[in-house]
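Before any comments, here is the structure.
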There are 2 protein chains.
Amino acid sequence: MEKSDLLKIVGKRVQELRISKGLTQVDLVGKIEGEIDTTNISRIESGRTNPTIFTLYRISKALDVSLIELLNFKTEI
Amino acid sequence: MEKSDLLKIVGKRVQELRISKGLTQVDLVGKIEGEIDTTNISRIESGRTNPTIFTLYRISKALDVSLIELLNFKTEI
DNA sequence: TCCATATTTGACATATTTGACAAGTCAAAT
DNA sequence: ATTTGACTTGTCAAATATGTCAAATATGGA
C-alpha cells in the first residue's frame with residue numbers, strides 16, 4: 001500500500017472517531033496532553049502528514065480509545 | 001503513559017515478532033520495502049526513537065502481520 | 001445575506017525521524 | 001586469540017513532523 005493511502009486511512013479514522021464523539025478539532029486539541037494545534041489535527045485527518053506513534057497515542061487517549069482501537073480500520077492493511 | 005514507556009513497548013513488540021519469525025535485523029531490513037537501515041530497526045526496538053506510522057506499517061508488512069497485529073501489545077495502552 | 005464557529009492552508013522555526021556509514025561491544029565457535 | 005555474526009552506538013546530513021501564528025476558506029444558523 002502506498003504511503004499516501006495509509007495516511008488517508010489513518011486520518012479518516014481519527015476524524016471518524018472525533019466526530020462520533022461530537023468533538024470539534026478545537027475540543028480535541030483541548031483534551032490532548034501536551035502541546036498540539038488544530039493545524040496538526042487537520043493535517044493528520046487529511047493525510048498530509050505521517051504522524052509518529054506517540055502523536056497517535058496522545059490522540060487516542062484524548063478520544064478515550066486505546067491506540068489499537070484508533071488503528072482498527074475497516075480496511076485491512 | 002510516558003512517551004518513553006510507549007516507545008519501549010512498541011520496540012519490544014517489533015523485536016518479539018522479528019525473533020519469533022527467526023529473522024535477524026539484517027534479514028528484516030532485506031524484507032522491508034524501500035530504504036531502511038538496521039540502525040533504525042535497532043533504535044526502534046530499543047525505544048530510542050518515535051517511529052512514524054508509515055515506518056511501523058512497512059515493518060509490519062515485512063513481518064507478515066497487519067499493522068493492527070504489530071500494535072497488539074499484551075499491555076493495554 | 002450576515003455572523004460566528006470550524007477548518008484548512010501557508011509561512012516559518014524548531015525538533016526529531018530517517019538514511020547512511022563507521023566504529024564499538026558482545027557472545028559463540030573454531 | 002581470532003574470526004564471525006548480531007546488535008548497538010555515534011555522528012552527519014537530509015527530509016519531514018511538529019509547533020506557532022496569521023490569513024483564507026468553509027460551514028451552519030439566525
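So you know, we letter chains A, B, ... as the sequences are listed, proteins then strands, and number each from 1.
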Legend entry - Selection from C:dT17, D:dG19, C:dT18 that lies nearest to any side-chain heavy atom of A:I36: D:dG19
Inset, instruction - Return the nearest nucleotide to the side chain of A:T49; candidates are D:dA17, D:dT8, D:dA6. - result: D:dA17
Inset, instruction - Send over the distance from B:K12 NZ to D:dC7 P, rounded to a whole Å. - result: 14 Å
Inset, instruction - Using only heavy-atom distances, decide whether a donor-acceptor pair under 3.5 angstrom links the side-chain of B:T39 to the base of C:dC21. - result: yes
Legend entry - Spacing of B:L23 atom CG relative to D:dG5 atom C1', expressed in whole Å: 15 Å
Inset, instruction - Could you state the atom-to-atom distance from CG of B:N50 to P of D:dT16 in whole Å? - result: 17 Å
Legend entry - Minimum-distance nucleotide to A:S42 side chain [options: C:dT17, C:dT8, D:dA17]: C:dT8
Inset, instruction - For C:dT30, give its Watson-Crick or G-U wobble partner with both distances under 3.5 Å, or none. - result: D:dA1
Legend entry - Nucleotide nearest B:T55 (side chain, heavy atoms from C-beta), chosen from C:dA6, C:dT18, D:dT18: C:dT18
Inset, instruction - Send over the distance from A:N40 CG to C:dA6 P, rounded to a whole Å. - result: 18 Å
Inset, instruction - Give A:T38 one of three labels, base, sugar-phosphate or nothing, depending on what nucleic acid heavy atoms sit under 4.0 Å from its own. - result: base
Legend entry - Inter-residue atom distance B:R43.CZ - B:T39.OG1, 0.5 Å rounding: 5.5 Å
Inset, instruction - Figure out the CD/P separation between B:E45 and D:dT9, and round it to whole Å. - result: 12 Å
Legend entry - Below 4.0 Å: OP1/OP2 of D:dT8 and any side-chain N or O of B:Q25: yes
Legend entry - Selection from D:dG10, C:dT17, D:dC7 that lies nearest to any side-chain heavy atom of B:R43: D:dG10
Inset, instruction - Between C:dA20, D:dG19, D:dA17, spot the one nearest the side chain of A:E35, thanks. - result: D:dG19
Legend entry - Gap between atoms CD1 and C1', on B:I59 and C:dT18 respectively (whole Å): 11 Å
Inset, instruction - Could you check A:R48 against A:D27 and say which one's nearest nucleotide on DNA chain C is further toward the 5' end? - result: A:D27
Inset, instruction - Quickly work out the A:D37 CG to C:dA13 P distance and round it to whole Å. - result: 17 Å
Inset, instruction - Using distance alone, with no hydrogens and no angle criterion, decide if B:T55 and B:T52 have a side-chain donor and acceptor under 3.5 Å apart. - result: yes
Legend entry - Over 12 foreign heavy atoms within 6.0 Å of NZ, A:K61: yes
Inset, instruction - Take atom CZ of A:F54 and atom C1' of C:dT16, then tell me their distance rounded to the nearest Å. - result: 13 Å
Legend entry - Under 3.5 Å donor-acceptor, B:N72 side chain and B:E69 backbone: no
Legend entry - Listed nucleotide nearest any side-chain atom of B:T52, set D:dG19, C:dT17, D:dG10: C:dT17
Inset, instruction - Flag the pair B:L67 / B:I59 as yes when at least one side-chain heavy-atom distance between them is below 4.5 Å, and no otherwise. - result: no
